Q: 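Got a structure for you, questions after.
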Protein chains: 2
Amino acid sequence: MVKDVKEILKNNSLSITGSREKILGLFLEQPGALAHGDIEKRAGEKFDRVTVYRTLQTFVEKGIIHTIPTADNSIRYALCKDDCKEGHHHDHHVHFVCTKCSITYCLDDVVTPELKLPKGYTSSHIEVVAEGICKNCK
Amino acid sequence: MVKDVKEILKNNSLSITGSREKILGLFLEQPGALAHGDIEKRAGEKFDRVTVYRTLQTFVEKGIIHTIPTADNSIRYALCKDDCKEGHHHDHHVHFVCTKCSITYCLDDVVTPELKLPKGYTSSHIEVVAEGICKNCK
DNA sequence: AAAGATTTTGCAACTATGTTGCTTTTTGTT
DNA sequence: AACAAAAAGCAACATAGTTGCAAAATCTTT
């Protein structure tokens, strides 16, 4: 079930380091998205804040994770599906934030709907975030 | 065209002060949304940062403005339509961020689409942010 | 397997952003 | 005009995020 962390790093031509293994491991072992703060907490204060920032940034650049904008304005990160390549994300799915447990889910099966924009507007990307109660909390 | 700032404040039972008049004026005199930083800059460094924060907070509570989550994770504020009441917002429209001029628009006529969520999920609020080129920049 | 080049980490310092408590000033009310 | 209530301003603090640089770890080459 759990994909090999080292494998993923190698495939993205990243050197295998302790922090990268641990941080990537955190993403693999749980369903929701993680905010920067979550990672620092769950990792047990092992590494520096700066390292977390830089690692997340690297993962985003490589297309391993993607960012999710949330209403409360904290950036969250979640694993990308395999069709994300370096510098080119394809996360055209809807995100769901549970107001009870505050877990953020990627609803990979729910595709972002088409929008009829007013004349003159052209959209290249549409972000949809739904808020409510998730299946575990109802 | 420009609504009376004092009128709006009175209608929301807010005392009329210099900062509130100026900040509300900024929102009325331009089409897009404003971030906290924009307000501090455009106001010409007249008042304290804290005042801006508290004024914006008051306006949000009263339903005069609403917040817009953006991809770059900076909160933006925009005027609410008249059907927003104290503590109860109705901003069920789509927001549009221009990648060129980075102005954020409220597309009041574009209603947030319905979503078919997976079983077990119930959404109370859906936020849609489209990114692209606006009518002035194309 | 060791040496050297390259990355990554961790530290310190700094900037930006946002919050809280308290005093002074302004506003609304009588 | 006088008083009570609310808002503004100030200082101090808290959190988030960035940058430069030296030390440590990783990768590569032999």
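Just so we're on the same page: letters track the sequence lines, and every chain starts at 1. Everything numeric in this text was worked out from a predicted model, so none of it was measured.
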Q: Do side-chain atoms of B:D48 reach the backbone of B:V50 as a donor and acceptor pair under 3.5 angstrom?
A: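 Between the backbone of B:V50 and the side chain of B:D48 there is a qualifying donor-acceptor contact (under 3.5 Å).
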Q: Using the ring centroid of each side chain, check whether B:Y77 and B:F59 are separated by less than 6.0 Å.
A: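 Aromatic pair excluded; centres sit 6.0 Å or further apart.
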Q: The side chain of B:T55 lies closest to which of these nucleotides: D:dA16, C:dT9, D:dA8?
A: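 Side chain of B:T55 sits closest to D:dA8.
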Q: Scan B:T58 against the nucleic acid and name what it touches under 4.0 Å (heavy atoms): base, sugar-phosphate only, or nothing.
A: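 B:T58: no heavy atom of the nucleic acid under 4.0 Å.
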Q: Taking 4.0 Å as the cut-off, does a side-chain nitrogen or oxygen of B:T17 come that near to OP1 or OP2 on C:dT26?
A: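 Answer is no, no contact under 4.0 Å.
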Q: If you assign each of B:I16 and B:H36 to its closest nucleotide in DNA chain C, which residue comes earlier from the 5' end?
A: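 Nearer the 5' end of the strand: B:H36.
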Q: Atom CD of B:E21 to atom C1' of C:dG28: distance rounded to whole Å?
A: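 My rounded result for the distance is 14 Å.
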Q: Taking OH from A:Y53 and P from D:dA16, how many angstroms apart are they, rounded to a whole number?
A: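 Computing the A:Y53:OH to D:dA16:P distance gives 7 Å.
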Q: Is the side chain of A:N11 donor-acceptor paired with the backbone N or O of A:I8 at a distance under 3.5 Å, no angle test?
A: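 Looks like no, no N/O pair under 3.5 Å.
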Q: Could you state the atom-to-atom distance from CZ of B:R20 to C1' of D:dG9 in whole Å?
A: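 Atom-to-atom, B:R20 to D:dG9, this comes out as 15 Å.
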Q: Give a yes/no on whether any side-chain N or O of B:T51 is located under 4.0 angstrom from OP1 or OP2 of D:dG9.
A: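 Answer is yes, contact under 4.0 Å.
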Q: Report yes or no: is there a donor-acceptor pair, N or O only, under 3.5 Å between the side chain of A:R54 and the base of C:dG10?
A: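 Counting by modelled atom types and ignoring angles, a donor-acceptor contact under 3.5 Å is found here.
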Q: Looking at B:R49 and C:dG18, is any side-chain donor or acceptor paired with a base atom of the opposite kind under 3.5 Å?
A: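 Under the 3.5 Å cut-off, the side chain and the base do form a donor-acceptor pair.
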Q: Pick the nucleotide of DNA chain D nearest each of B:V50 and B:G18; which residue has the one closer to the 5' end?
A: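 This one resolves to B:G18.
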Q: Can any side-chain N or O of A:S124 pair as donor or acceptor with the backbone N or O of B:E131 at less than 3.5 Å?
A: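 Yes, A:S124 side chain to B:E131 backbone: donor-acceptor pair under 3.5 Å.
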